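Down below is the structure, laid out as structure tokens.
Just so you know, these numbers come straight off a predicted model, no measurement behind them. Naming: A, B, ... by sequence-line order, numbering from 1 per chain.
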Protein chains: 2
Amino acid sequence: MRALPQSYHTSQFLNKKSKQNVDFCEEFVREDGSATNLTGVMVSNLTLEDIAEQAGVSRSTVSRVVNDLPNVSEDVRRRVLDVIQQTGYHPNAAARTLASQRSWTLGLVLPQSVFQFFTDPYFPHLTKGIAQACNEHNYTLALFLVSSKEDEKKIFTRVTRKGLLDGVLVQSGHHGDQQIIGHLMDADIPQVVLGRPQHFDNVTFVDVDNVSGAYNAAVHLIRLGYRRIATITGPNLSAVGLDRHAGFTKALNDRGVRLDEALVVEGDFTESGGYYAMQRLLPARPEAVFVASDLMAIGAIRAVREAGLSIPSDIAFIGFDDVPLAATNDPPLTTIRQPVVQFGVRAVELLMDLIENGIHPPRHVIMDTQLIIRDSCGAIRKDLISG
Amino acid sequence: MRALPQSYHTSQFLNKKSKQNVDFCEEFVREDGSATNLTGVMVSNLTLEDIAEQAGVSRSTVSRVVNDLPNVSEDVRRRVLDVIQQTGYHPNAAARTLASQRSWTLGLVLPQSVFQFFTDPYFPHLTKGIAQACNEHNYTLALFLVSSKEDEKKIFTRVTRKGLLDGVLVQSGHHGDQQIIGHLMDADIPQVVLGRPQHFDNVTFVDVDNVSGAYNAAVHLIRLGYRRIATITGPNLSAVGLDRHAGFTKALNDRGVRLDEALVVEGDFTESGGYYAMQRLLPARPEAVFVASDLMAIGAIRAVREAGLSIPSDIAFIGFDDVPLAATNDPPLTTIRQPVVQFGVRAVELLMDLIENGIHPPRHVIMDTQLIIRDSCGAIRKDLISG
DNA sequence: TATGATTGTGGGAGCGCTCTCATGGTTCAT
DNA sequence: ATGAACCATGAGAGCGCTCCCACAATCATA
């Protein structure tokens, strides 16, 4: 067995710095410009000026080299670069931000209504896409997860503060959860909303075409011959929930399929939400269910199994999102794929454009979804029968 | 059906700002101090000085009010506060950071080896805990997801830059993925490592007791009477993987249970990794399997089901993490619970202490795990038999 | 050779705060 | 009455950059 470090046990706590300690730790500056400050933290206080002096040039020239600007002769550039290398100089981000009025930092705000289902694979996935896009363009990403009403206040003031963020991505959440958008407009901070916002149309947003996605899902079920088609919707307070519900309803209307009100149940985008919604749905004996998220679909399937029924032979399912779990679920889940990563990338690009080129009439970008046919809808069985 | 906004279709793209546009947008300053700059973005350029003037006091006094410092008379404080309210003044974060040498921002770095399984519910969960702790202490959280080697370089320079972060949380990743820790030490930036780092013992870290957690899991299986006990480990390149493997091995040794090498397979912490690992394990006919993560356990169970066997009667399972899915899995997963949120909170607290009180000998905090008994281990069945 | 454009370099004025120190007024024990 | 201590306030010097402008040196053009 691999040896563990000696200190491999809890609570090796040490002295908080005592008064005496502070008295003892006088400021002490070394020749190389580094210093030990009063708190005892070593700081390499190198500035542009220090580098300039050591390279025998001016501050301005060093700045040009650091920022890779033209009008610096090759040998000077090389000399400065050498000094920077040797000293391990890093330009100070705050000073740069203050002088240039650009922080190269974007904020991502997830409202309280999203906090609870942040563990839905959709969000980490989205975050990945956004983070990747930020890296590509040399932006830093600041994450604001609103976990409570108190958080919200703090976060609002932090986000609207000048000099911290160049722009903000706001996840559209529930109905009552969108003041942040207004706050940002008041503070004139560039923003892009992720998902259609409900109370603002004068703001740029990116969304997937939830209506047509749901529409296609429902049509798919109708084509497969199902007639008693149910849906577990997202929260009626959210735009996503409403749009997917709308698309579903429209498909049934367009195809002349009767929509029984008992076949519509509201979920909350959680696994257990899907489970309980399905339990309420079971007495109505649906043949097929369109569930507004994969995670809820997984919960719903659990409920069906518990009732001793099987999928898709007794009840067919189609989800929404195409999270990684959908493919490996038992049975593999037919679903509507969202271009999650592309979605994040597009949002970041729009935001960057807003930052660089200033205000323009708000843009609304809607991205397409894709029907992914797997086993849970019974398409394969039906194919065998009809083909 | 709910009416959709008129603009509800794809690609309403608008003019990139033309040359003409730029010429037209001359600088224009209003009386209230706000201005429309060349890029057309409205900026409320209010400064401390502006507020001071309007309130008839000095910059210093306004600063005291804003920062809630003592030595300001009540009526002056009120007057300043009024002006701030009316004007919607927000102090500039960059200026404050530059002057005070504190950014009130923490970084969270997830190395490349973690990027791929960032969608494992463990990480969003951890992120939530960290974000919450940051909010509580009025810190902003910057997220650095390393998605490629090129990203890594960019992120390293960004993270080690002074004036952006007061401190950094680094997720311990694979063996070859820990240079960032060294970089941060070189740059003298306070850091706390999440999980035991492999190449540094002079750094503060928080970890869960993976060894004893795995030990307890294995002991549980032994107590239930299983003897052919297999394990799907985490990557041998990671400390978590090694520690959980170590604890497992130790338990078997301590209890005199023979460990067949054919019963040890390396996984990669993904669902499909668990699936393939289990397929390799099946021919060795294990009675029970300890899987180093819940997500892998879910994959492994899928493989067992596909082979026509059932859980726990044919093969018993125990996972690690206790992600939300574990409880709702079919069958519900017996697992080792990590105090994820508490873990994040503790890490943030340690980091804050490091920032405020300066360097001290590194601390190593190890948190306890908890065995959560559900159905997949067969404990219930065994109880019926033996009880 | 005179003239202007172009390039490399340095100087200086901020960016909007914090923080130390000076100042004058008040309170209170001696 | 005297000075020590304590407040409330303001002035000023940075924090470490960027960016504009001045200037000299070089180059192309007439």
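- Of the candidate nucleotides dT18(C), dG16(D), dG11(C), dG16(D) has the atom lying nearest to any side-chain atom of Gln101(B).
- Within 6.0 Å of atom CD in Glu150(A), 12 or fewer heavy atoms from other residues, nucleotides or ligands are found, so the atom counts as exposed in its surroundings.
- A straight line from CG of Leu98(B) to P of dC17(C) spans 12 Å, rounded to a whole angstrom.
- Between the side chain of Arg77(A) and the base of dG8(C), no donor-acceptor pair of N or O atoms lies under 3.5 Å.
- Closest to the Val76(B) side chain, of the nucleotides dT9(C), dG16(C), dT9(D), is dT9(D).
- Nearer the 5' end of DNA chain C, as judged by each residue's closest nucleotide, is the contact made by Glu74(A), out of Glu74(A) and Arg59(A).
- Regarding Tyr89(A), its OH atom lies at a distance of 10 Å from the P atom of dG16(D), rounded to whole Å.
- The OH atom of Tyr139(B) sits 6.0 Å away from atom CE of Met352(B), with the distance rounded to the nearest 0.5 Å.
- Proximity of Ser100(A) to the phosphate of dT18(D): no side-chain N or O atom is located under 4.0 Å from OP1 or OP2.
- As a whole-Å value, the separation of Leu48(A) CG from dA13(C) P is 18 Å.
- Counting distance only, with no hydrogens placed and no angle test, the side-chain atoms of Ser60(A) and the base atoms of dG11(C) include a donor-acceptor pair under 3.5 Å.
- Residues Thr160(A) and His183(A) come closest through the heavy atom pair CG2-O, 4.0 Å.
- When rounded to the nearest whole Å, the span between CD of Glu49(B) and P of dA11(D) equals 9 Å.
- Minimum heavy-atom separation, Gly107(B) to Phe144(B): CA-CE1, 4.1 Å.
- The nearest whole Å value for the distance from the CZ atom in Arg96(A) to the C1' atom in dC17(C) is 20 Å.
- In this model, the phosphate group of dC15(D) is not approached by any side-chain N or O of Asn92(A) to a distance below 4.0 Å at OP1 or OP2.
- Looking at heavy atoms from C-beta onward, Arg102(B) lies out of side-chain contact with Thr97(B) at the 4.5 angstrom threshold.
- Looking at Arg59(A) and Glu53(A), no side-chain N of the basic residue comes within less than 4.0 Å of a carboxylate O on the acidic one, giving no salt bridge.
- Here the P atom of nucleotide dG16(D) and the CD1 atom of Ile51(A) are 12 Å apart, to the nearest Å.
- Going from atom CG of Asp75(B) over to atom C1' of dT9(D) covers 12 Å, rounded to whole Å.
- Atom P of nucleotide dT7(C) and atom CG of Leu69(A) are separated by 14 Å, given to the nearest angstrom.
- Between Ser58(B) and dT9(D) there is no side-chain N or O to OP1 or OP2 distance below 4.0 Å.
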In the 5'-to-3' direction, what one-character label does each nucleotide of nucleotides 22-28 of chain D receive under the scheme B = base within less than 4.0 Å of a protein heavy atom, S = sugar-phosphate only, - = no such atom?
-> -------
Atom pairs, protein N/O to nucleotides 4-7 of chain D N/O, distance under 3.5 Å:
none

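- Between Arg158(B) and Leu164(B), the closest heavy-atom pair is O-CD2, 3.7 Å.
- Within the 4.0 angstrom heavy-atom criterion, only backbone atoms of the sugar-phosphate kind lie near Ser73(B); the bases stay farther away.
- With Leu194(A) as the partner, the side-chain contact (heavy atoms from CB on, under 4.5 Å) test is satisfied by one option alone out of Leu126(A), Val109(A), Val114(A): Leu126(A).
- The side chain of Thr47(A) lies closest to dC17(D), out of dC15(D), dC17(D), dG10(D).
- When heavy atoms are screened at a 4.0 angstrom cut-off, Pro70(A) is found touching no nucleic acid atom at all.
- The shortest side-chain heavy-atom distance between Glu152(B) and Asp177(B) falls under the 4.5 Å cut-off.
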